[in-house]
Amino acid sequence: MHMETCEEITLRNMAGWLASAAMIFGGVIPFIPQYRQIKRNVDTEGFSLYVCLALLIANTLRILFWFGHRFEIPLLIQSVLMIITMFFMVKVCVDVRNQQQITRQRDIVLFRDFHTKYFWKWTDLPSYIMFMAIFALVGSVVMYFLVDVPIFVETVGLLALLTEAMLGLPQFIKNFKHKSTDGMSLAMVIMWTLGDTFKTCYFIKRDAPIQFEVCGALQICIDLAILIQVYAYRDNVLLVRSDDRSDDRVD
């Protein structure tokens with residue numbers, strides 16, 4: 001009987017470690033096929049760079065939330081790893097877009113181009129890194145002074161998870177506008193759906209803060225909506241890429 005109890009404890013611990021590992025790496029894996037597709041096709045038209053913005057903001061806020069409301073370490077590690085991954089995605093998109101330009105336009109950088117039309121359309125990776133560094137610094141200062149105010153801390157947590165839950169929305173809008181999912185990695189969206197379903201169940205099982213559970217469910221709904229687009233636009237191909245690219249071009 002004692003041996004069976006030890007085996008059960010060991011299995012439970014192994015299951016816990018596996019679940020934690022899945023939480024840490026599960027959010028990153030879906031972006032691998034999209035990254036490879038962009039590199040292979042030298043084309044970013046099917047992928048919305050605002051997905052990266054949503055995840056960078058969300059995970060920065062989640063890290064700040066941890067200082068006021070300590071949640072599980074695997075979720076914290078996941079946020080750090082996701083931020084690193086998003087900068088890799090930003091880099092490949094910036095490199096490809098610069099490579100695609102027939103006539104080289106002037107460089108658009110953060111500290112010179114403050115107009116809203118240039119936001120998140122910079123032509124160099126350091127501008128994106130600097131913007132997020134400023135965002136993190138300001139957020140850290142505010143959290144330092146208000147960390148003992150529960151309503152503020154919980155609001156930060158809610159904003160972090162709502163932003164993450166909306167990560168698929170820019171992709172949904174881009175697909176809807178083009179009436180096509182051409183260039184978007186289907187494997188990425190399927191992995192999003194499976195991963196979001198798993199992590200929502202994980203949140204419920206591990207009694208994570210309620211914000212995690214509600215926003216996880218919302219994320220699943222958006223994932224499913226994108227999968228419906230894949231079926232609805234299955235016969236549509238994004239042909240006029242030069243016109244579509246004008247949405248991301250600045251003068």
Side-chain angles (χ1 to χ4, degrees), residues 21-59 62 75 77-97 99-100 120 125 128 160-203 215-238 241 244-245 247-248:
M23 281 301 303
I24 292 172
F25 297 103
V28 171
I29 292 174
F31 290 95
I32 295 176
Q34 183 67 69
Y35 180 91
R36 294 179 63 185
Q37 184 166 323
I38 291 172
K39 291 278 286 186
R40 181 176 62 252
N41 298 338
V42 194
D43 190 357
T44 65
E45 284 304 306
F47 178 71
S48 174
L49 196 58
Y50 288 103
V51 170
C52 298
L53 174 62
L55 278 173
L56 284 168
I57 294 292
N59 284 280
R62 189 196 285 187
L75 297 178
I77 297 174
Q78 180 204 42
S79 291
V80 175
L81 188 59
M82 183 61 77
I83 288 173
I84 295 171
T85 302
M86 287 304 98
F87 280 125
F88 272 101
M89 291 298 298
V90 169
K91 183 180 187 305
V92 72
C93 288
V94 169
D95 289 346
V96 167
R97 287 181 178 181
Q99 183 179 341
Q100 285 175 335
W120 212 248
L125 180 63
Y128 294 88
L161 291 158
L162 276 176
T163 305
E164 183 175 356
M166 293 292 120
L167 82 90
L169 194 58
Q171 190 66 56
F172 178 88
I173 293 172
K174 188 162 192 171
N175 295 342
F176 180 78
K177 182 176 180 180
H178 292 165
K179 296 296 186 292
S180 171
T181 58
D182 184 34
M184 181 194 74
S185 171
L186 177 59
M188 177 185 71
V189 181
I190 292 175
M191 290 182 187
W192 275 357
T193 307
L194 295 175
D196 293 337
T197 301
F198 169 80
K199 75 180 183 182
T200 302
C201 294
Y202 179 91
F203 294 153
C215 294
L218 178 59
Q219 208 163 349
I220 293 172
C221 292
I222 296 176
D223 295 339
L224 293 175
I226 296 176
L227 288 176
I228 291 172
Q229 287 182 320
V230 172
Y231 177 78
Y233 304 146
R234 64 190 181 280
D235 297 324
N236 299 352
V237 178
L238 188 57
R241 296 187 182 278
D244 293 326
R245 191 174 292 121
D247 296 336
D248 298 321

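What you are looking at is a predicted structure, and each value in this text was computed from that prediction instead of being measured.
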Lys91 meets the side-chain hydrogen bond (donor to acceptor under 3.5 Å, both in side chains) criterion, sequence neighbours left out, with Asp95

(message) Would you say that Gln37 contacts Phe47 through its side chain, given a criterion of any heavy-atom pair below 4.5 Å between the two side chains?
(response) no

*Are any of the side-chain heavy atoms of Met166 and Leu218 separated by less than 4.5 Å?*
yes

*Please check if atom CZ in Phe25 has more than 12 non-hydrogen atoms from other residues, nucleotides or ligands closer than 6.0 Å.*
no

**Request:** Report yes if some heavy atom in the side chain of Tyr128 is under 4.5 Å from a heavy atom in the side chain of Leu56; otherwise report no.
**Result:** no

Distance col, row Met188:CE vs Thr193:OG1, nearest 0.5 angstrom, shows 10.0 Å

Hits for side chain to side chain contact (heavy atoms under 4.5 Å, CB included) against Leu53, two or more places apart or cross-chain, chain-then-number order -> Tyr50, Ile57, Phe119, Trp120, Phe131

Tightest non-hydrogen contact, residues Ala225 and Phe172, listed as CB-CE1, 3.8 Å

Minimum side-chain heavy-atom gap Ile222-Gln171 below 4.5 Å | no

Here the pair of heavy atoms bringing Val90 nearest to Cys52 is CG2-CB, 3.8 Å

Margin query: Are Ile173 and Leu169 packed together at the side-chain level, in the sense that at least one heavy-atom pair is separated by less than 4.5 angstrom?
Written below: yes

Discussion item. I want to check something: taking the side chain as every heavy atom from C-beta on, are Ile38 and Met89 in contact at a cut-off of under 4.5 Å?
Written reply: yes

Interatomic distance, CZ@Arg234 vs CG@Leu186, rounded to 0.5 Å, equals 13.5 Å

Here the gap from Gln34 atom CD to Trp192 atom CH2, rounded to the nearest 0.5 Å, amounts to 8.0 Å

Per-pair distances, 0.1 Å, donor-acceptor, side chain in residues 77-88, under 3.5 Å, sequence neighbours excluded:
unit_1	atom_1	unit_2	atom_2	d
Gln78	OE1	Arg62	NH1	2.6
Gln78	NE2	Met23	O	3.0
Ser79	OG	Asn59	OD1	3.1
Ser79	OG	Leu75	O	3.3
Thr85	OG1	Leu81	O	2.9

With sequence neighbours left out, the residues meeting side-chain hydrogen bond (donor to acceptor under 3.5 Å, both in side chains) with Gln229 are Asn175

Under 4.5 Å between any side-chain heavy atoms of Val230 and Val189, yes or no?
-> no

Those residues at least two apart in sequence (or on a different chain) that pass side chain to side chain contact (heavy atoms under 4.5 Å, CB included) with Met191 are Ile29, Pro30, Pro33

One should read off an interatomic distance between Lys39 NZ and Cys93 SG, to the nearest 0.5 angstrom, of 11.5 Å

When rounded to the nearest 0.5 Å, the distance separating CZ of Phe31 from OG of Ser185 is 10.5 Å

Quick note, salt bridge (Lys or Arg N to Asp or Glu O under 4.0 Å) partners involving residues 187-197, not counting sequence neighbours, are Asp196-Lys199

Are side-chain heavy atoms of Leu125 and Val94 found at a separation under 4.5 Å?
no

Check your understanding: Taking the six-membered ring of Phe176, is the NZ or CZ of Lys179 close enough (under 6.0 Å from the centre) and on axis enough (within 45°)?
Key -> yes

